[in-house]
Each structure stands twice: as C-alpha cells, then as structure tokens.
Amino acid sequence: MTDTALAGASPDQAAAGRSKRPASRPAAKPHGQWKVDGTAPLNANETWKQEDNGLNVRERIESVYSKHGFDSIDGTDLHGRFRWWGLYTQRKPGIDGGKTATLEPHELEDKYFMLRVRIDGGALTTEQLRVIGQISVDFARDSADLTDRQNIQLHWIRVEDVPEIWRRLEAVDLSTTEACGDVPRVILGSPVAGIAKDEIIDPTPLIHELAERFIGDPELANLPRKFKTAITGHPSQDVVHEINDIGLVGMVHPELGIGYDLWVGGALSTNPMLGKRLGAFVKPDQAADVWLGVTSIFRDYGYRRMRTKARLKFLLADWGTEKFRQVLEDEYLGYKLNDGPAAPKPSAPGDHIGVHEQKDGKFFIGATPLAGRLSGSQLVRLADTLEACGSRRLRTTPHQKIVVLDVPKDQVEPLVAELDALGLSARPSVFRRGTIACTGIEYCKLAIVETKDTAATAVAELERRLADLVENKQLPQALSLHINGCPNSCARIQTADIGLKGMMLPTPDGDPTPGFQVHLGGGLASSSREEAGLGRTVRGLKVTAGELPGYVERVVRKFVAEHSEGQTFAEWAFAADEGDLQ
C-alpha cells in the first residue's frame, strides 16, 4: 500500500499498511575516526586538542605559569595539555575516598603536581639516577615512586620549579616529554637488554630509534587516547606485552632467523582485554616501520567520539586481527609481513630478582623496594653505592623493581648487603617480591583507598603469619599480590594471583570503610603459565583493608592444603569452589 493510498484509507487500513514496512534504524553515530568520519571534533576534549597541540604548553609553562604561579594557569592547560609534559595535579590531602566520585577535579586537586620522569626501556646511568634523586630532595619533598611502567614519579612539585627541573633532567638526557597524555607513552623495554646471556635480540637500538624519531613529534601527539609500547628480546618475555597497545616479542623464526612476534590491542582498566597476536613476523629492520604503522592506525582509525571507547583495544575488537593486519600492510607499510609462529613459553621469571651472570662475565642484581616506594635520598645513596661497587648502569622494570648492571664478581655479595640496607632486597620473601601497588589515595585524584601503606602492612603481616609455611617450604615460589586504589588497574589487578580493586565498603554502623574487590588467578605468560589470562571475580568477595592480611593468609593456607601436585595458585583458584575462596 502506497503513501497515496494510505492517505485515503481508514485508520485500521492505514495502520495495517504501515505495519508491513520494515522498521527504520537510527543512523549509526560516527566514532570520530579521522579516516572515516573526518577530523571535525565530536567532543570538548577533541576540540581543545585540535585548537592547540599539547606539546605547545611547554612555552607557556616556562614563560608565564612558572613566573606567575598556579593561579595563572589556564584551566584547559592545567587539566589537559600539562599531561603532554608529564604533569598531573595531585590530590589535596584529607579528602576521603568516598568523595572521589562526587567532587569536581578542582575540588579534589591541590596546587602541586605529580611529575613523571620518562625512562624508555628503564635504562639509567648512576649520574641520571643521582639527578632524579637530587631533584626529589630539592623540589619534591624527598618523594619518589617507582612505577610498573619503568618511570619514576615525583610529588609536591610546584609549577614555579618545573623549568629548573627540566633543565637538570635534560642536561643528563632525561625528559618528561609525553610521559602522560594522548600520546605514545614510555616504551617498556627488557631490563636486561644487551647484557643477558640468553637474550634472543637486543631491543635497545630499536627503543632508541623510536624515542628519537617519534617522541615529541607533533604528527603523533594527538592520538585518541594513550598508546603503550612494550619491546623485549629476552625469553622471559619480561615487559607484560599482552597488556600493551603494541608488543614486540623477540623470537627465532624457523626460516627467517631472529626478529619479533607482533601483538596489538592489549589494555586493562575497567574493560580489560588482552592483546592479540597478528601472526606476523617482524624483521629487525621492519620494526620501526611496523611501530609507526600501528600507531598511525590508532591515530587515523581510533575511536574519538567517546573517551571510554578510545583505546586501540576497542578498534581491534571490532576489526579482528585479520583486518587489522591487512590495513597495516596495505595502507601503512606497503608490503606484506611474513607469517610467523608464536614465541615459545617464557623460560624464566621476568622480574629478574636475584643475582645473575651477564654475557660478559660480570653480574646483574635484581632487587625490590617495598611496593615501588622509594625516596629521593635513597636514589642518591643508591647511585653512590653502585659507583663504589664498580657499577654505573641500572634499569627500572615493569614490576616495580631495580636491576643493577655490570657488577664485578667480588662485589656481588657486598652490594647485595648494601642494597638491603637501602631497602632494596635482592633475596626477598615471596610476598615482598610479588607485591606491587599503585599511587593510591595519598596523591591520586582517582583513588578511593590507600595502597602503599596497605601493601607494606600486608607484606609484613604475611611474612609473620605464614613463617611456618616458609620454613616448611610449602609456599609457591611465586605469588603476586597487586593492590589498586580504584577500578582503573594501574597495578594490573586482573593479571595477578591475588588482585585487589579499591572501593568503599559498607559497615554495620553505616559508615563506609576502605576495602577491596578480590580477583583471583590472573596472570601473564610466564615460566609457570602457558598464556595470559584474566583473574576470576568471585561474586560478593570483598575485604576491608584491615581484613586484607587475614584474608590472604586464609586463602593461601587453603591452597597449600588442597592443591594437587604441580598445580599453581592460579590454576587452583579457577578450579576451587567459591566457598573455598572466601
């Protein structure tokens, strides 16, 4: 029945005619993909990024804001572009976690900054370490946190001091360029690059090339959101590549020799997705082009309309690996990549804790602070200690550890003792070794609960409570405990044996108390695990911060009593009944 016929029909006839029409669907909203929808910004965030590139704020910091103080800072610069130079306002002291989601940013923030020092590949000289430490002493109230992305974060920074801090950092070839923001973040690299006896390929030249060519390049300084890179040539696969936007994992191709296995699209936060192999083998001389191609796909095709969907993982989920690889090869590389098998299962732990011989006959020592918490004074003393023992190089790691390089054999044991005196244990307990924690409510505006002191208390309590299992050698050799102050997973809670997501929990008297949602059995590829997997969330399993040591003791004792021969904690946690995990 046509529209003309319907015009003269009875109401019943007209309704019947209309009911036969297919229901029209609303037009799909554009994702804000530059190569599909054009570059017109679809939200306020994209608008200010186009109006003035985030890299340009440095000149205003140096010439205006540092001279006139915090109150002179433009709001868009403060809450947006400052990140392009590693600066976030930190949380005002005294605001409890229950108010995190209800207050505006300006109500939560203090007039001080967190400053993130970018350390690509985690590579530092003792001179650089001493400079960072002295900056902390002079300008950051002696604060220094080692992150699980190989950076060092300082707190209590005043905008007035930023130009001098930059001058000191850049004098020793360090920077804060693109340490935050919608840009290529720090490049994770193997902490034992170039020195390990069993290394497959040294990624150091590639990391240097990427940093020198592309970090600070305006063409790559307006991405949909942050972009994370991980590159390793070590068989332990020590850079958590499965949760990065791009991962390059060293391997030996059966016909083509040494190169990299290519991974894309990993990220955690509130919607975790593990990266996917593209099945492509990347030759060493192709690696920089491949990195640029993947980054450019994200820039050109990444979703920009909604920031909650603006990570590469969402594009990969919609496209699939086959289309992603085709676009990479056809539109960005101009050639086909060779197919390649997966890299073998990791052969050893990837945190590099302990004493290990280098390929040149010297030794490297992996040591852990407590949940990444250090001080500027410790960093200065560490630099002095290493030089006194003949070492001038060290590496930070993606596990909040420090690896000291080039230690002569006769200095190994004296240095292990010196490190221990500095609060860096080369022979830590299972719990100290496996515990990492994010910044938490002490400084972070997104946090709901405290993390660093909670982690320190938990480690000390577990070492005391479970001493009998240690004495009887019943504890697993490795057990990861990751403590996060909010749902955003900076401490990688979904990939831990025991992952803890900060939240406020109800109490009988009606006053909420800090606590955690528990995730169990997660992990990335390791010597005890075939492949990465996200942890199990048990419905209703939540513990208060005060109950945390008791809960971990209880579940570990359950594991020791009930697990089968050769079964890991993660395997047991997934197989166990919910009641056994309470």
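The basis for the numbers below is simple: all heavy atoms, side chains too, and nothing from hydrogens, waters or symmetry mates. Note that this is a predicted model, so its numbers are computed, not measured.
Each of Val290, Thr232, Ile201 was scored for a side chain to side chain contact (heavy atoms under 4.5 Å, CB included) with Tyr260, with one residue passing: Ile201. Just one residue in the list Lys197, Lys362, Lys409 forms a salt bridge (Lys or Arg N to Asp or Glu O under 4.0 Å) with Glu357, and that residue is Lys197.
Remark: the Asp148 side chain and the His399 side chain contain no N/O donor-acceptor pair separated by less than 3.5 Å. Gln128 and Asp173 form no side-chain donor-acceptor contact under 3.5 Å, judged by distance and modelled atom types alone. Thr385 and Glu418 form no side-chain donor-acceptor contact under 3.5 Å, judged by distance and modelled atom types alone. For the residue pair Asp261 / Trp263, a side-chain donor-acceptor distance below 3.5 Å is found, with atom types taken as modelled. Of the N and O atoms on the side chains of Thr537 and His519, at least one donor lies less than 3.5 Å from an acceptor on the other residue. Of the N and O atoms on the side chains of Asp238 and His352, at least one donor lies less than 3.5 Å from an acceptor on the other residue.
Of the possible polar contacts, one joining the Arg536 side chain to the Ala573 backbone as a donor-acceptor pair under 3.5 Å is found. No side-chain donor-acceptor contact under 3.5 Å links Ser489 to the backbone of Ala491.
Salt-bridge check for Asp406 with Arg392: failed, with every basic side-chain N at 4.0 Å or more from each acidic carboxylate O. No salt bridge links Arg393 with Glu387; every basic N to acidic carboxylate O contact stays at or beyond 4.0 Å. Taking a cutoff of 4.0 Å between a charged side-chain nitrogen and a carboxylate oxygen, Arg225 and Asp182 do not qualify as a salt bridge.
Between His563 and Phe559, the ring planes lie parallel to each other; the angle is under 30°, not in the 30° to 60° tilted range.
Aromatic ring centroids of Tyr303 and Phe314 lie 6.0 Å or more apart.
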